[in-house]
Amino acid sequence: GAAEVDDGVLRIGVILPSGRDDMSWSQGMYEGVSAVVANMGAGNAQMAVTENVPNPVDAGAAIRDYANQGFNIIIAHGSQYQNPLMEVAADFPEVTFAHGTAFETSSNIFAYDPQAQLGAYLFGWLAAQMTNSQVLGIVGPVRAGDAIKYNYGFIQGVEAANPSVRVLESYTGSFGDNIQAKEMAEAHINARADILTGTAQQVVGAIQAVSENDGVYWFANDTDQSPLAPNSIIASQAYSWETVVQYMVDSHMAGKLGGEIISLDLTNERIQLVFNPVLADLVPADLMAQFESKKADVASGAIQVRLPE
Amino acid sequence: MSEFFQATVLLGLLTAGVRLATPFLFAGLGEMLSQRSGVLNLGVEGIMLIGAFVSFFVAFESGNLYLGLLAAILAGAFMGLLTAFVSVTMKAVQGISGIGIHILGLGLSGLFFRLTMGSISTMRGFPRLAIPILKDIPVLGRVLFNQNWMVYAALLLVPISWAVIYKTTFGLKVRSVGENPHAADSLGISVTRVRYICVVIGSIMASIAGAFLTIGQHEAAFVNNIAAGRGFIAVALVYFAKWNPLGVLAGAFLFSMIDAFQLRIQIIDIGIPYEIPVMLPYIVTIVVLALSTRGRVLGPTALTKPFVRGVHT
Amino acid sequence: MSAIKKSVPSVQSIELRSVTKRFPGVLANDSVSLSFESSRVHTLLGENGAGKSTLMHVMYGMYAPDEGQILVNGSPVHFRSPKDAAEYGIGMVHQHFMLVPSLSVLENIVLNYPSPRWPFLDLAAARERVVAMSNEYGFGIDPDAKVWQLSVGEQQRVEILRILFRDASYIILDEPTAVLTPLEVKEFMGVLRRLVADGHGIVFITHKLNEALEISDKITVLRSGKVVGETTPCDTDKNQLAGLMVGREVVPTWQKRGAAGEKVILSVRNLSARNNKGLRALNDVSFDLKEGEVLAVAGVSGNGQKELAETIAGLRRIDGGEILLGGSNLAGLDVKQRIDSGLAFIPEERMTMGVVKEFSLIENVILKSHGTPEFASGIFLRAKKIRDSAVQAIKDFDVRTPSADVAAATLSGGNIQKVILARELSSRPKLLIAAQPTRGVDIGASEYIHKRIVQIRNEGVPVLLISEDLDEIISLADRVLVLYEGQVQGIVPPSTPVEEIGLMMTGGNTHYVVDGCEDSETPPTTH
Amino acid sequence: MQLRIWNRNVLVNWGVPIAAVFLALVVGAFFLGLAGANPLVAYRSMFYEALGTRYGLTETVVKAVPLLLVGLGICIAFRTGMINIGAEGQMIIGAITGTAFALSFPGLPAPLLILFSFLAGFVGGALYGFIPGILKAHLNVNEILTTVMLNSVALQLQFLLLRGLMMDPQERAYGTGYPQSASIVEAARLSRLIPRARIHSGVFIAIILAVIVFVLLWKTTIGYRMRAVGKNYDAAVYGGIRVKRYLVLSMVLAGGLAGLAGTIEVVGVHYRLLDGVSAGYGFSGIVAALFGQLHPLGTIPSAFFFGALLFGAERLQRSVGVPSAMVHVIQGLVVVFVVSSDYLTKRFLQKRVDVGFKRLRQEGVAAPEELPLQGRSHE
Ligand SMILES: Nc1ncnc2c1ncn2[C@@H]1O[C@H](COP(=O)(O)OP(=O)(O)OP(=O)(O)O)[C@@H](O)[C@H]1O
Ligand SMILES: Nc1ncnc2c1ncn2[C@@H]1O[C@H](COP(=O)(O)OP(=O)(O)OP(=O)(O)O)[C@@H](O)[C@H]1O
Ligand SMILES: [Mg+2]
Ligand SMILES: [Mg+2]
């Protein structure tokens, strides 16, 4: 049974598929929740994290655990958690559950959906202008989920800017094999790509390869990854999980426990394109200005970025 | 397609193949020695992870890569002693004890990473070291002699292993212990000691293979489970090699070249799902072995069989 | 060459004082006191499991004695490993050969021997000495051959060379003649005499009493780990020794009855096959085996006997020819189908092929029959029937065991052979192939096995007996087929002089082809 | 008397490994301490949560089911002498084929749908086990190599299908593109046993199969032959057993059971195929089987024990806040200690047999009558 703890403290439980220090998907959410909790103050909010649970069985146990322990908001940060989440949510109508990238909701379930393709489009557009070799590279993990959305957006951006620029696209077949991602990046660079991009925690390896090679740059996704390679990362598309979490906290406190798909996009600024100040000189001012106007177009919908089918 | 055959791409392919083969060479040659003495060490993957973490951590904290390597060697020796204790002294079922060592290595490397470093950090690893003169040999020079010294060391270990096994008194002991431990024992060779030595050396080499994944990269970083199955492949390659150092070299190169090749096949996009190229190295390895194996393979007869004096198996 | 020759002290005497050695649940040596001298052959006799090998392993440093002392040249020594014993000049040829098959002769010889070029091997220096020694004793061994390519007799010579190479002055030989043919035994005895003449001391373990009587200076009999008698050849005879070994008198309790029948049961025609090395091992072999007949195959080890048995049993592919059992060709049948058509086979490799050592005796007894309607209905085993029948068979065949449920591995060699016999004979076979059925088996058990073989022969079952023991062949056979280099040298009556059979075994004589000659009624020879 | 011996054997058989587990936990306590947790509190919570609460118990069972099924296959394979490291891959393939069937015939009546889905899963895993089996039997290709490599191949096959043919149409429509299949219909799902818990009727299937595998291995000709092949290949050939057939069969059955585990995970827990369905059970199942002495009935308690261990240890990060890697540290220690203890178990049991021989010797053989002898006699 649910051990209701009624001390007025808001408890948030987070379940992460990889480590909270993965420099990408999981770390982003971890930092987002941490920031919200810190803002609210320890007396008002607390968080607990279960990490490295790629498989839904353990995640299911964790979700139910948190519910049983009287957590108020439970965030299962992965598409694969949909089933266990729906199941537990039915048993705990007073608790708010959240998951994503996802679309299934119910009265006490939020789904969140980062529109990865938007920033990707803009990065693709920019990369196509900046490349010297006219070759770009995408280091993919598994061709699914976030990765295809992102990659598809990137390619559209390139085409919009300069159809003659080639985009090399390939996949390691794994989410976490850094060494393989590194080799794949090397293969791209070897094939003359001079700007690369990619998603998932494996990109740490690819970014290493990029920073080993002079004149090769990287567009990042998930979080601001520039600390990983300050001299190679031009910009990052960072999901502002903090605002998403804050939104859910506010809703929860206001009595709205779920029933909404929360989009992360440019309009609501839950997606932020963070340029690396170290490489500020790399993007000429006029190009940057064009970029900003493109960004406005994408945000407003004047430019439609398609999703893969 | 034609662009694929450009010189730079081919050179890149070969260079990547050599680089990818390096951890397999270290771990595979070590495993071969261990198996030659009669011990199947299936825990290579876990030991690699420990080597990868320990070397990175120590190098990162001390700023000295060689200190990191030394630490990996010590950690590998420790894991080797543990493996030998379980497999040789306690006569455990080696297939299972190896899985235990693997899981333990996975856990310990992840645990200590979190407890000590806590987040992903990067540092400079061993730099490329072009060998004068040799590096100017056309093609081969750039492929073979413009890598970091760990790559050279791995390549050098092939003839060294060969010489140790076939040309030294120690190698003769190892072969006899793996083939007929009762015979070795009857001549006063300590089967236990030889096996301990081989397992420990093998584990040290697995640990160095792990270190190659971190500090052996120009840009070094440790992430959880960085070995990503390479340790198991290394064990598999020993069977491919039929317990011969040159076979390990052949197997490591076959696997790695196909891997490097499939990465490039994907890039030129020939319109097949990328999963097929990703599977390629595994499938080709199986097929090559199936085609090259005829009749009974003469492996170390006592492989996986614990030795008990007077009990003939 | 002299660089690698160490100086090893010469053993004048070795004394064991009240040596006791226990294994879990077994008292292998019970306060044994014995003394050994140089230039003497000291023979140890005893049943399987009497503790002979264990005692020698203690003397050779493989086992530390639980109690007691070893003295070399009068002063106590403490061996921690065989290496220590070797340093005192003690060498041993083990019952199970201690060679590494994949290594060359030279590599086997220098194994764990100090190399002048340490850490590298120095085979060149060793080669000279090995060749010289090999020539001195007339061994004719190619130092670069791989051991697996050698015949058993040659392997034994490699073992002896290895000991001599290490300058051992005291040599323990554990059942060296068990694997040798009469001719080889004769040569071997010559080697022993030479060694003794050179001042070496010898311990000789055997189950063959006439060998003991022929060569020994002193004979000690062990039983259940204790010394039960010590004597010299002049003071004793075969019967007395046999009695001493088994604790009762050994008299043959069997008698061949009646002549062999006329009906041909097994007919082998122009059979050819290869050995494990891919070389031709059987060449155009033809013979008939008749109802109620023991056809013994004699030959020097490695001349195709093993391959002959295996091709008939279906364990080896034939290259040509046919095998007819009761008129129908076996060639297309696999092992199972041959078993089903009534073929029983006692294999030479008792421990590695004859039984599944980890299986219980019951499970071993049903190895071939578990699928028959008697023991299985559908795929289900009929546990009770199996147990009843197996326990009965184990009793019938006098297997000494505390229970039918113990693993076969825990039994002595002789008892394991009885388990195999129980399995093969209780299936009421149409044909029995018995390969080396009593090799390494003590007198008591041998006698029992002979009795059983003759019994089924008397019942009309033909037996193909493969043996390297000419005594056994002459006493059991109705006809003797001599194989040499995979070819039939001749088929002769057992009354043929032993020397002539011996000559044929080495390919010396082929005029003795007398297939189909009259069956002789030889009285059993007493041991 | 008979009973006492049996009891003592059971005591040794279970007592030694349990003592080994205890030692492993003692060593694990050191690491817990390093990670800043009070080991006693941690272990208490670990076992209490896994075994002392209704919810924990049910989750333990949820994990035990695939462990048991995989473990049963491992019992068969290892007993036949095949070191099957490929259960991960076989499980994935079984999950694919089982799900594919359930998705393709949603209209079938529930019992048939479930039965045939199981069958499909079994067949899928069996085929995937067949490959290393046939390669070993006929071409002598080492099965460790093939099964290790085929695990990676299965994973890629799974991705290939999940982002293509088998991807949930909704994922496509919505553009989320997560690699998972559509949900299977209600009728294809195994019933849940109690509300608010995932424990499902697959547990009965697994236990029934354990009994069946036990009967197969010890009460049938097939099992007898497989065990004979595993213990002594040459003797099996000599005994007329068609060894190649049984080598292949053992891998087919092992693969089939792993495949069934995959399907049961889908129809009992996830209701769809998704990445991570094998969840390391392919490796943990090997350990569970060994802990159960490679005996199907022994594997039942052993699978539950490891289910509890995995669940309890995974929970440590929530209950006492240690890093998630602690799960593997504890699991690894337990495996290492348990395999090491196996030898001690055998030694203890060996003693019992030897004592039997000693009695025999004392009763009969060791009472030889004296015979007259010239020369010296020592008796
Ligand atoms: N390593 C061992 N472990 C346990 N028991 C052993 C071991 N070696 C020998 N034994 C037991 O000790 C006893 C003496 O065995 P040993 O080998 O010395 O007999 P043996 O006289 O050489 O017999 P055989 O004529 O068969 O060679 C037997 O009961 C045997 O089972
Ligand atoms: N190796 C064997 N040893 C003993 N009995 C066997 C063996 N193989 C089959 N049998 C049994 O012999 C009978 C006839 O067998 P059959 O000739 O059909 O062989 P099979 O088809 O090869 O056997 P199976 O299909 O059981 O493997 C059956 O009762 C079968 O169980
Ligand atoms: Mg002996
Ligand atoms: Mg049949």
Side-chain angles (χ1 to χ4, degrees), chain A residues 18-24 27 30-31 51-52 54 135 137-144 166-193 201-213 225 227-232, chain B residues 3-4 6 8-17 19-20 22-23 52 110 113-114 117-125 127-128 212-214 216-230 256 259-269 273-279 282:
Chain A
S18 47
R20 63 176 180 232
D21 50 10
D22 69 350
M23 278 285 173
S24 61
Q27 183 165 353
Y30 175 73
E31 286 172 357
E51 59 185 329
N52 283 320
V135 182
I138 298 176
V139 179
V142 168
R143 189 169 179 174
R166 276 197 66 189
V167 185
L168 310 175
E169 184 187 5
S170 61
Y171 296 84
T172 59
S174 147
F175 291 101
D177 190 344
N178 281 48
I179 300 293
Q180 190 73 352
K182 181 172 184 181
E183 281 304 329
M184 179 156 281
E186 290 283 355
H188 284 299
I189 295 165
N190 189 215
R192 293 190 308 114
Q201 61 270 31
Q202 60 159 1
V203 294
V204 174
I207 292 172
Q208 281 173 264
V210 165
S211 71
E212 268 177 39
N213 287 275
Q225 292 176 330
L228 271 179
N231 297 314
S232 310
Chain B
E3 67 196 294
F4 184 80
Q6 281 174 11
T8 56
V9 176
L10 279 177
L11 272 180
L13 175 84
L14 295 175
T15 316
R19 198 167 46 225
L20 283 166
T22 302
F113 175 58
R114 176 57 56 78
M117 312 196 69
S119 67
I120 296 171
S121 314
T122 57
M123 70 179 293
R124 278 286 141 125
R128 287 211 181 111
F212 179 79
L213 299 179
T214 53
Q217 310 287 313
H218 189 61
E219 278 288 319
F222 176 84
V223 301
N224 267 325
N225 197 15
I226 192 170
R230 287 178 182 77
S256 306
D259 199 12
F261 172 75
Q262 70 87 5
L263 291 173
R264 284 156 179 82
I265 275 286
Q266 283 195 49
I267 287 176
I268 58 169
D269 190 10
Y274 76 89
E275 287 92 347
I276 311 274
V278 173
M279 292 175 201
Y282 306 99

Given heavy-atom pairs under 4.5 angstrom as the criterion, report whether the side chain, backbone, both or neither of [X] touches chain A.
| X | result |
| --- | --- |
| B/Ser119 | both |
| B/Gln262 | side chain |
| B/Ala227 | neither |

Problem - Most contacts with chain A, counted as non-hydrogen pairs under 4.5 angstrom, among B/Glu219, B/Gln217, B/Arg124 - result: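 Of the options given, most contacts go to B/Glu219.
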Handout entry: For chain A, the option from B/Gly12, B/Ala260, B/Gly110 that forms the most heavy-atom pairs under 4.5 Å
Key = B/Gly12
[X] side, atom [atom1]; [Y] side, atom [atom2] - distance, nearest 0.5 Å:
| X | Y | atom1 | atom2 | answer |
| --- | --- | --- | --- | --- |
| A/Asn190 | B/Leu263 | CG | CG | 10.5 Å |
| A/Ser211 | B/His218 | OG | NE2 | 7.5 Å |
| A/Ser170 | A/Arg143 | OG | CZ | 11.0 Å |
| B/Phe261 | B/Gln266 | CZ | CD | 11.5 Å |
| B/Arg19 | B/Leu14 | CZ | CG | 11.5 Å |

Report which part of [X] has an atom under 4.5 Å of a heavy atom belonging to chain B: side chain, backbone, both, or neither.
| X | result |
| --- | --- |
| A/Asn52 | side chain |
| A/Thr172 | backbone |
| A/Ile138 | neither |
| A/Arg192 | neither |
| A/Glu169 | backbone |
| A/Gln201 | neither |
| A/Val167 | neither |

Problem - Residue among A/Pro227, A/Ala229, A/Ala187, A/Gly19 with most heavy-atom pairs under 4.5 Å to chain B - result: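 That would be A/Ala187.
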Practice task
May I ask you to name which of A/Val204, A/Ile207, A/Ile179, A/Val142 has the most heavy-atom pairs under 4.5 Å with chain B?
Solution key: A/Ile179
Practice task
Sequence neighbours left out, what passes salt bridge (Lys or Arg N to Asp or Glu O under 4.0 Å) with B/Arg114? Give chain and number order.
Solution key: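 In terms of salt bridge (Lys or Arg N to Asp or Glu O under 4.0 Å), with neighbours along the sequence ignored, B/Arg114 is linked to A/Asp21, A/Glu51.
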Exercise for the section: Check the pair B/Arg230 / A/Asp177 against side-chain contact (heavy atoms from CB on, under 4.5 Å), numbers first and verdict last. Expected result: CA-CA 10 Å; B/Arg230 287 178 182 77; A/Asp177 190 344; 3.1 Å; yes
Practice task
State, without any angle test, whether A/Gln208 and A/Glu212 hold a side-chain donor-acceptor pair at a distance under 3.5 Å.
Solution key: no
Exercise for the section: Test side-chain contact (heavy atoms from CB on, under 4.5 Å) on B/Val278 and A/Tyr171 and set out the steps. Expected result: CA-CA 8 Å; B/Val278 173; A/Tyr171 296 84; 5.8 Å; no
